[in-house]
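Here is the structure we will look at, set down as structure tokens.
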There are 2 protein chains.
Amino acid sequence: MSREPGRVLNIKEEIEKANSTAVDRMMESEPHWVDMDIALKAIPGMKDRMLLHAGPPIEYERASGPLRGALIGAVIYEGWASNAEEADRLLRRGDIVIEPTHHHDSVGPMAGVISPSMPVYVLSDLRYGGKAYSNMNEGIGRVLRYGVYDPDVIERLRWMERVLYPVLRDAIRDMVREQGKGLNIKSLIAQALHMGDECHNRHVAATSILIKELAPYIFATGHDRSMVREAYSFIYRNTFTALNIVMAAAKLMTMAAHNIKYSTIVTTMSRNGTEFGIRVSGLGDEWFTAPAPIPKGVWFPGYSEKDANPDIGDSAITETAGFGGFAMAAAPAIVSWVGGSVEFAVEITRRMYGITYAKHKYFTIPYLDMQGTPVGMDIRKVVATGITPTINTGIAHREPNRGQIGAGIVTMPIEPFKKALRRFAEVYGI
Amino acid sequence: MSREPGRVLNIKEEIEKANSTAVDRMMESEPHWVDMDIALKAIPGMKDRMLLHAGPPIEYERASGPLRGALIGAVIYEGWASNAEEADRLLRRGDIVIEPTHHHDSVGPMAGVISPSMPVYVLSDLRYGGKAYSNMNEGIGRVLRYGVYDPDVIERLRWMERVLYPVLRDAIRDMVREQGKGLNIKSLIAQALHMGDECHNRHVAATSILIKELAPYIFATGHDRSMVREAYSFIYRNTFTALNIVMAAAKLMTMAAHNIKYSTIVTTMSRNGTEFGIRVSGLGDEWFTAPAPIPKGVWFPGYSEKDANPDIGDSAITETAGFGGFAMAAAPAIVSWVGGSVEFAVEITRRMYGITYAKHKYFTIPYLDMQGTPVGMDIRKVVATGITPTINTGIAHREPNRGQIGAGIVTMPIEPFKKALRRFAEVYGI
């Protein structure tokens with residue numbers, strides 16, 4: 001932008017400058033996985049008798065089945081109640097505080113429930129200095145994040161705390177000690193996008209890279225050999241292992257872009273199973289919401305759309321940071337998991353260029369001749385074009401304690417973007 | 001084919017039946033990496049003072065620079081000579097026997113030189129019972145297989161024998177002991193094709209999968225910890241680690257398809273740096289050759305086509321088995337390494353359907369909506385269409401001791417296919 005020195009920018013120029021800064025920071029952020037710890041100790045503002053959940057704020061009574069199921073499971077896991085009824089009572093009475101993960105620099109897939117005793121990944125932005133957190137991935141099917149609280153789910157969470165966590169924690173700490181800075185997750189995502197992942201619902205390559213990087217440290221932790229093999233075997237079998245770490249990295253990228261005055265770039269996009277909500281860089285911590293849509297799915301045998309809960313999870317942080325569904329063209333194999341055709345997957349990526357600020361400098365798509373992924377949703381472009389973000393997603397049964405019933409593709413409602421734009425006009429006096 | 005019982009098939013029907021059998025066996029072969037050993041002990045017909053080389057048979061005098069360089073290096077590595085001049089003299093005098101790898105159920109990339117003391121991968125076809133062999137990958141640049149015989153190359157080969165080999169050998173033996181059957185390389189290739197590799201010149205995913213599978217065994221071998229870390233670090237840094245194992249797997253697939261009476265399917269396709277040659281299932285072990293072409297390349301800084309040796313290496317066994325260049329559409333990121341555009345890469349795959357018998361049952365291309373790769377080159381189709389196989393390839397400097405100068409794409413001459421078809425007509429009295 002060439003302009004006379006000292007001239008006051010007009011509002012359009014201010015927005016352009018702010019968006020350029022925001023998206024630049026989103027792309028230049030350097031998220032590294034640097035540690036693991038227990039949520040109560042690590043996560044800012046985390047308290048005893050507090051549970052975090054995905055998406056915009058919601059009261060327990062209005063929460064969807066899978067979110068209620070996951071909260072119940074977490075209460076049992078924490079030992080605050082010994083069964084579902086008791087847990088439900090505590091939650092209804094408000095004895096347990098529930099707050100959005102996003103209010104605590106955290107993210108979690110699906111229900112996204114993080115409880116005080118849970119081990120969490122700690123990621124650090126080596127460029128801009130933030131920290132972000134996510135829980136550990138349990139695999140697919142009947143798991144807490146899909147709202148299941150059966151004893152085997154609770155036992156798996158305890159096993160993760162007892163076996164998986166100490167092994168991975170000691171491994172990443174050894175890596176940090178030896179290499180000085182932990183695992184570069186931006187680089188991991190960039191590589192995985194060249195290996196058929198889009199890093200939201202496909203983490204086959206990302207998890208392989210993670211394992212390749214971590215293996216020497218995992219097998220040198222000094223823990224009992226069978227314990228190490230158990231831990232290794234779990235992350236080896238669970239191709240979603242990388243998801244939560246990648247989400248925390250995306251959270252750091254979007255945090256780096258947040259709170260830029262005048263910026264119309266979306267820095268949070270998430271769903272709590274009832275509502276879909278966004279936050280915008282130049283509009284602070286206010287949420288703009290609308291009812292969450294139900295995804296178009298590929299259903300597990302025996303299930304259909306009528307069993308599906310509205311969309312849920314913080315994992316749309318991947319699209320917010322310029323990959324996931326926005327990079328579907330990088331992951332043609334994903335259509336067998338989330339549905340649609342390869343052509344449609346490519347079309348989704350192409351369409352997202354219409355509502356984003358830039359092509360990513362570091363995340364590129366081989367099939368589009370190494371074009372950068374669409375990054376930095378601009379609420380003005382969404383409202384002007386009527387194109388809303390399309391993401392891919394896991395699908396939970398709408399009742400508690402039922403679990404995952406499919407995966408699919410979902411296009412978000414436009415209302416939150418319109419609300420945000422109206423608020424933007426008020427705040428900045430347009 | 002419905003026909004009256006007992007009716008004698010006409011020649012066309014015989015060929016169809018034979019080709020169906022050949023390609024079916026190629027696809028149904030089950031190559032597993034089951035062991036490692038020293039070439040002299042493992043490879044059938046391997047002898048002291050014998051060196052194997054890539055491609056059709058050739059005398060030392062007619063060998064290209066990189067092949068001569070690699071043979072010289074192997075003589076020094078074996079301790080048969082202490083310098084290049086002495087080694088050259090021994091080779092010229094015929095004191096060292098040189099024979100094609102393919103005559104010993106073996107394959108090697110580029111010069112493909114295997115000497116008696118070299119450790120080799122042992123692969124076994126768990127379906128049809130064959131065994132095939134390949135040497136270990138040294139990485140890229142100045143390495144033996146590109147014709148370099150400098151002391152650092154020899155020292156690396158000795159390090160591989162001393163450090164890398166025992167670690168990998170013990171790891172694969174432990175895996176076989178524990179799992180009963182070694183590492184399924186067909187499955188590894190199928191996965192890698194969904195992760196942006198075509199498994200000839202891109203093995204980023206294949207090597208990651210290999211490492212993920214092998215890591216628990218590598219770190220449990222009981223060798224000195226720093227030795228294990230050295231070995232791990234080498235395969236971790238060398239994304240071509242999987243190439244040689246994958247080539248031996250392709251060799252087994254094509255061996256399973258070989259020697260089917262009446263079959264016009266190509267079961268060997270290789271280059272020795274001077275000539276390109278093929279062998280055909282129904283024509284036994286006869287080679288049909290023509291001068292090897294010079295690839296169109298992406299050149300390392302300072303080099304150009306005038307420095308390039310004609311195409312060399314057994315690695316075209318990957319295309320012979322239905323992947324590599326034939327699966328370019330699965331690996332859009334490869335164009336930065338071998339040149340061309342993504343569109344061209346897809347076009348190569350599409351064109352190869354015109355000269356192949358089938359779409360692969362197990363190797364599929366996500367970007368082509370999970371279509372099987374083109375598999376089973378039919379010499380009749382090559383001659384009828386004038387389309388010859390296009391493969392991707394590494395490029396060696398035409399002088400000995402210079403090394404890799406690029407990578408590229410090369411389309412093979414038609415003469416060997418015409419010669420083979422003429423011989424087929426003679427042999428089968430058409």
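Per chain, numbering begins at 1; letters A, B, ... match sequence-line order.
Among A/G196, A/P332, A/S233, A/A192, the residue making the largest number of heavy-atom pairs under 4.5 Å with chain B is A/P332. Counting heavy-atom pairs closer than 4.5 Å to chain A, the top-ranked of the candidates B/V335, B/I211, B/I334 is B/I211.
The two residues B/P216 and A/F219 come nearest to each other via the heavy atoms CA-CZ, 3.4 Å. Here the closest heavy-atom approach between residue A/V346 and residue B/Y367 is recorded as CG2-CE1, 4.1 Å. Among all heavy-atom pairs drawn from A/V342 and B/P366, the shortest one is CG2-O, 3.1 Å.
Annotation: B/R162, atom CZ; neighbour count of heavy atoms from other residues, nucleotides and ligands within 6.0 Å is above 12. Taking a 6.0 Å sphere around CZ of A/R350, one finds it holds 12 or fewer heavy atoms contributed by other residues, nucleotides or ligands. When the shell of 6.0 Å around CZ of B/R158 is examined, it contains more than 12 heavy atoms from other residues, nucleotides or ligands. Heavy-atom neighbours of A/Q179 CD from other residues, nucleotides or ligands within 6.0 Å: above the threshold of 12.
For the atom pair OG (A/S208) and CD (B/E213), the distance works out to 9.0 Å, reported to the nearest 0.5 Å. Put simply, CG on A/L214 and NZ on B/K212 are 14.0 Å apart, with the number rounded to the nearest 0.5 Å.
With a threshold of 4.5 angstrom between heavy atoms, B/A330 approaches chain A through N, CA, C or O but not through any side-chain atom.
The closest side-chain heavy-atom distance from A/H194 to B/M195 is not below 4.5 Å.
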